[in-house]
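Order of the sequence lines fixes the chain letters, A, B, ..., with proteins taken first and strands second; residue numbering starts at 1 for each chain.
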Amino acid sequence: GAVVSQHPSRVICKSGTSVKIECRSLDFQATTMFWYRQFPKQSLMLMATSNEGSKATYEQGVEKDKFLINHASLTLSTLTVTSAHPEDSSFYICSAADTGRYTIYFGEGSWLTVV
Amino acid sequence: RKEVEQDPGPFNVPEGATVAFNCTYSNSASQSFFWYRQDCRKEPKLLMSVYSSGNEDGRFTAQLNRASQYISLLIRDSKLSDSATYLCVVTSNSGYALNFGKGTSLLVTP
């Protein structure tokens with residue numbers, strides 16, 4: 001079964017609204033999680049590194065105020081797309097590092113469609 | 001220049017064929033290398049890690065050439081179920097953050 005759960009798997013929202021995506025590690029504690037975005041026929045692009053108990057580290061070109069990341073516990077990171085626009089429609093996927101097993105696990109991904 | 005570059009394909013091959021994918025990376029300080037498989041509209045799944053000595057897992061063989069910053073994946077005796085996009089992945093300096101290539105699309109036909 002999945003060791004990293006991502007929810008929702010699909011979401012449709014209206015332009016201008018905010019959407020929250022959750023990423024949970026199910027059987028390990030993840031001090032570090034990662035958020036990626038993938039546009040059609042493109043590679044997964046790292047958006048930010050989510051650090052438990054501290055601020056996320058954003059990649060160049062990713063707006064901090066638009067993509068809010070919260071990692072308040074060792075098993076949960078959330079990505080909130082604020083004031084979503086159609087160009088934010090994409091596949092968002094998280095990963096979590098299980099440093100005890102030196103393994104990275106991916107969530108199932110979330111398809112966001114902004115209409 | 002992108003950090004990880006792959007030939008996007010598509011590669012259309014008949015069942016039983018042998019197919020090879022190549023990948024180059026730009027950061028000479030990269031530490032770990034992987035091949036992931038991604039099916040349509042799904043999350044990527046780890047296919048295999050890539051070691052300097054080369055490694056094999058059943059029909060799949062991966063090679064790494066650090067001097068040339070080049071990674072390859074060989075699939076022998078292709079199956080229909082091998083149809084997917086194959087992603088070349090390199091770790092960044094921060095360890096667990098991954099740099100993905102754009103992927104190479106493989107279609108195995110009957």
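Remark: A:Q38 CD to B:L87 CG distance equals 7.0 Å, nearest 0.5 Å. Within the model, atoms CG of A:L46 and CG of B:L98 stand 8.5 Å from one another, a figure rounded to the nearest 0.5 Å. Between the OH atom in B:Y96 and the OG1 atom in A:T103 there is a gap of 7.5 Å [rounded to 0.5 Å]. To the nearest 0.5 Å, the span separating CG on B:N99 from CG on A:L44 amounts to 11.0 Å. Distance CZ/B:R41 to CD/A:E108: 15.0 Å, rounded to 0.5 Å.
Only one option out of A:F106, A:Y36, A:Y105 pairs with B:E43 in a side chain to side chain contact (heavy atoms under 4.5 Å, CB included); it is A:F106.
Residues passing the salt bridge (charged side-chain N to carboxylate O under 4.0 Å, His left out) test with A:R24 are A:E22, sequence neighbours excluded. Among residues two or more places apart in sequence or in another chain, the side-chain hydrogen bond (donor to acceptor under 3.5 Å, both in side chains) test is passed with B:D39 by B:R37.
For B:P8, no part lies near chain A; criterion is any non-hydrogen pair under 4.5 Å. For chain B, no part of A:Q6 is nearby; none of its heavy atoms comes within less than 4.5 Å. Contact of A:T99 with chain B is made through backbone and side chain together, with heavy-atom distances under 4.5 Å. Neither the backbone nor the side chain of B:Q6 comes within contact range of chain A, judged by heavy atoms closer than 4.5 Å. Interface remark: B:L46 contributes no atoms to any contact with chain A (heavy atom separation under 4.5 Å).
In terms of heavy atoms, A:S43 sits closest to B:G101 at CB-O, 3.0 Å.
Atom OH of B:Y70 sits in a crowded spot, with more than 12 heavy atoms from other residues, nucleotides or ligands closer than 6.0 Å. In this structure, A:K20 places its NZ atom where only 12 or fewer heavy-atom neighbours from other residues, nucleotides or ligands lie under 6.0 Å away. Heavy atoms of other residues, nucleotides or ligands lying less than 6.0 angstrom from CE of B:M48 number more than 12.
Hydrophobic clustering of Ile, Leu, Val, Met, Phe, Trp and Tyr side chains at less than 4.5 Å, counting indirect connections, unites B:V108 with B:F60. Follow the hydrophobic side-chain contacts under 4.5 Å out from B:Y86 and you reach B:V4 in the same cluster. Hydrophobic clustering (ILVMFWY, side-chain heavy atoms < 4.5 Å, transitive): A:V115 and A:L112 are in distinct clusters. Under the 4.5 Å side-chain heavy-atom criterion for grouping Ile, Leu, Val, Met, Phe, Trp and Tyr, A:W35 is not connected to A:I104 through any hydrophobic cluster. If you chain together hydrophobic residues whose side chains sit under 4.5 Å apart, A:W111 and A:V11 never meet in one group.
Applying the disulfide bond (SG atoms under 2.5 Å apart) definition to pairs two or more places apart or across chains, none involves residues 33-82 of chain A.
Within residues 67-94 of chain A, the residues approaching chain B closer than 4.5 Å by heavy atoms are, in numerical order, A:F91, A:I93.
Most heavy-atom pairs under 4.5 Å with chain A: of the set B:S105, B:P44, B:G103, this distinction falls to B:P44.
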